[in-house]
Chemist: 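Shown below is the structure under consideration.
Labels below follow one simple rule: chain letters A, B, ... track the order of the sequence lines, proteins then strands, and each chain is numbered from 1.
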Amino acid sequence: MSFTRKLLAWYKRNGRDLPWRDTRNPYAILVSEVMLQQTQVSRVLEYYPRFMTRFPTIAALARARPKAVMEQWEGLGYYARARNLHLLAKRVAETGNQIPDDPEELRTLPGIGRYTAGAVACFAYEKPVPAVDTNVQRVLTRAFAPKDVWALATKLTPRVGERAWRFNQALMELGALVCTARKPKCPECPVRSDCLTGRSVVQIRSRRSAHPR
DNA sequence: TTCCAGGAAC
DNA sequence: GTTCCTGGAA
């Protein structure tokens, strides 16, 4: 079985039910992706529903006062994200409230970098484009040690949008739940047999001393 | 108590 | 390459 098939089979059983995985609303996806930048899922779950209730549409966000937006963001950190999101909403509101579906266009918007552009294009519009965040970067680097992670991700991304959506979600989920930064759970990894790191005989556990204390 | 994880802007 | 923030791991 291929890497992708194993990954998708694993995701089907182990993927978490998250509010932004139930929707293709571009605004909802956008808000979740910006919140998820540098921020754990558990943390975002405390803010995302409230934010969406307070600002249900991009037009509502565009109309809001900066103070009201910052209040909703209070405690999430990296406040430039909130300022950029608000700015983005105002800019999009001027052009008919349409969030672009093209990664190149998305990247011209404030606070949208390479990753978030790919994520919105794929998760909202089911475009077959890669979305390499730190999780995906780590998974692909450990598995295949590529020279260029984005190039590899482009090759691996399924051509059918709906499948690309699941592939990208699954790669990130694997990075979040199994191929973690500190202690990867290789024994429970669905793609261990395809992975350079997972296949290596000696598993590097820790670089700490063998005799703490 | 320190250290680390995590995208975009500069 | 550094800065921006916070929670949680070590």
Chemist: Check whether A:W10 forms a cation-pi arrangement with A:R5 (NZ or CZ under 6.0 Å from the six-membered ring centre, at most 45° off the ring normal).
Modeler: no
Chemist: Classify the nucleic acid contact of A:R81 as base, sugar-phosphate or nothing, counting any heavy atom under 4.0 Å across all strands shown.
Modeler: nothing
Chemist: Expressed as a whole number of angstroms, how long is the span from A:E46:CD to C:dT6:C1'?
Modeler: 11 Å
Chemist: If you take any heavy atom closer than 4.0 Å to DNA chain B, which residues from residues 16-32 of chain A end up in contact?
Modeler: none
Chemist: Do A:T23 side-chain atoms and A:W20 backbone N/O form a donor-acceptor pair below 3.5 Å?
Modeler: no
Chemist: Tell me whether A:R50 forms a cation-pi arrangement with A:Y47, defined as NZ or CZ under 6.0 Å from the six-membered ring centre and within 45 degrees of its axis.
Modeler: yes
Chemist: With sequence neighbours excluded, what pairs up with A:E162 under the side-chain hydrogen bond (donor to acceptor under 3.5 Å, both in side chains) test?
Modeler: A:R166
Chemist: Between C:dG7 atom C1' and A:L45 atom CG, what is the distance in whole Å?
Modeler: 15 Å
Chemist: If you restrict it to nitrogen or oxygen atoms, what contacts under 3.5 Å exist between nucleotides 3-5 of chain C and the protein, and what is each distance?
Modeler:
| from | atom 1 | to | atom 2 | distance (Å) |
| --- | --- | --- | --- | --- |
| C:dC5 | N3 | A:Y78 | OH | 3.0 |

Chemist: Rounded to the nearest 0.5 Å, what's the gap from OH on A:Y115 to CD on A:Q137? Could you check?
Modeler: 13.0 Å
Chemist: With respect to the phosphate group of C:dG7, does any side-chain polar atom (N or O) of A:R43 fall under 4.0 Å of OP1 or OP2?
Modeler: yes
Chemist: Tell me which residues in residues 165-181 of chain A lie within less than 4.0 Å of DNA chain C, going by non-hydrogen atoms.
Modeler: none
Chemist: Please check if the side chain of A:T39 supplies one atom and the backbone of A:Q37 the other of a donor-acceptor pair under 3.5 Å.
Modeler: yes
Chemist: Examine A:L45 and A:V34 and state if one hydrophobic cluster contains both, with Ile, Leu, Val, Met, Phe, Trp and Tyr joined whenever side-chain heavy atoms are less than 4.5 Å apart.
Modeler: yes
Chemist: Specify the residues of residues 126-138 of chain A, ordered by number, for which at least one heavy atom lies under 4.0 angstrom from an atom of DNA chain B.
Modeler: A:D133, A:T134, A:N135, A:R138
Chemist: Hey, could you give me the CD/CG distance between A:E126 and A:N168, rounded to the nearest 0.5 Å?
Modeler: 11.0 Å
Chemist: Given atom NZ of A:K183 and atom C1' of B:dA5, what is their separation to the nearest angstrom?
Modeler: 15 Å
Chemist: Whole Å only: how far is the CG atom of A:L85 from the P atom of B:dG7?
Modeler: 16 Å
Chemist: Mind checking whether A:F144 and A:F3 have ring centres under 6.0 Å apart?
Modeler: yes
Chemist: Which whole-number value in Å describes the distance from A:Q37 CD to B:dA9 C1'?
Modeler: 11 Å
Chemist: Let me spell it out: for each of A:T39 and A:N84, pick the nucleotide of DNA chain B with the closest heavy atom. Which residue's pick is nearer the 5' end?
Modeler: A:T39
Chemist: May I ask you to say what A:T116 touches in the nucleic acid, namely base, sugar-phosphate or nothing, with a heavy-atom cut-off under 4.0 Å?
Modeler: sugar-phosphate
Chemist: For A:Y115 and B:dG6, what is the distance between atoms OH and C1' respectively, to the nearest whole Å?
Modeler: 11 Å
Chemist: Could you state the interatomic distance from CG (A:L140) to CG (A:L156), rounded to the nearest 0.5 Å?
Modeler: 6.5 Å
Chemist: According to the Watson-Crick and G-U wobble definition with distances under 3.5 Å, which dot-bracket string, read 5' to 3', encodes DNA chain C, using [ ] for crossing pairs and | for pairs with another strand?
Modeler: ||||||||||
Chemist: Under 3.5 Å, is there a donor-acceptor pair between the side chain of A:T180 and the main chain of A:L177?
Modeler: no
Chemist: Would you check if the side chain of A:R21 reaches a backbone N or O of A:R16 as a donor-acceptor pair within less than 3.5 Å?
Modeler: yes
Chemist: Classify the side-chain pair A:R81/A:N84 by whether it contains a donor and acceptor separated by less than 3.5 Å.
Modeler: no
Chemist: Please check if the side chain of A:R199 supplies one atom and the backbone of A:S193 the other of a donor-acceptor pair under 3.5 Å.
Modeler: yes
Chemist: Show the nearest heavy-atom pair for residues A:R138 and A:G175, with the distance to one decimal.
Modeler: NH2-O, 2.8 Å
Chemist: Nearest whole angstrom, please: distance from the P of B:dG6 to the CG of A:L36.
Modeler: 12 Å
Chemist: Just one of A:L87, A:L85, A:L88 clears the side-chain contact (heavy atoms from CB on, under 4.5 Å) bar with A:L109, so which one?
Modeler: A:L88
Chemist: Taking CH2 from A:W150 and P from B:dG7, how many angstroms apart are they, rounded to a whole number?
Modeler: 11 Å
Chemist: Indicate the atoms forming the closest heavy-atom contact of A:T157 with A:R159, along with that distance.
Modeler: O-NH1, 2.9 Å
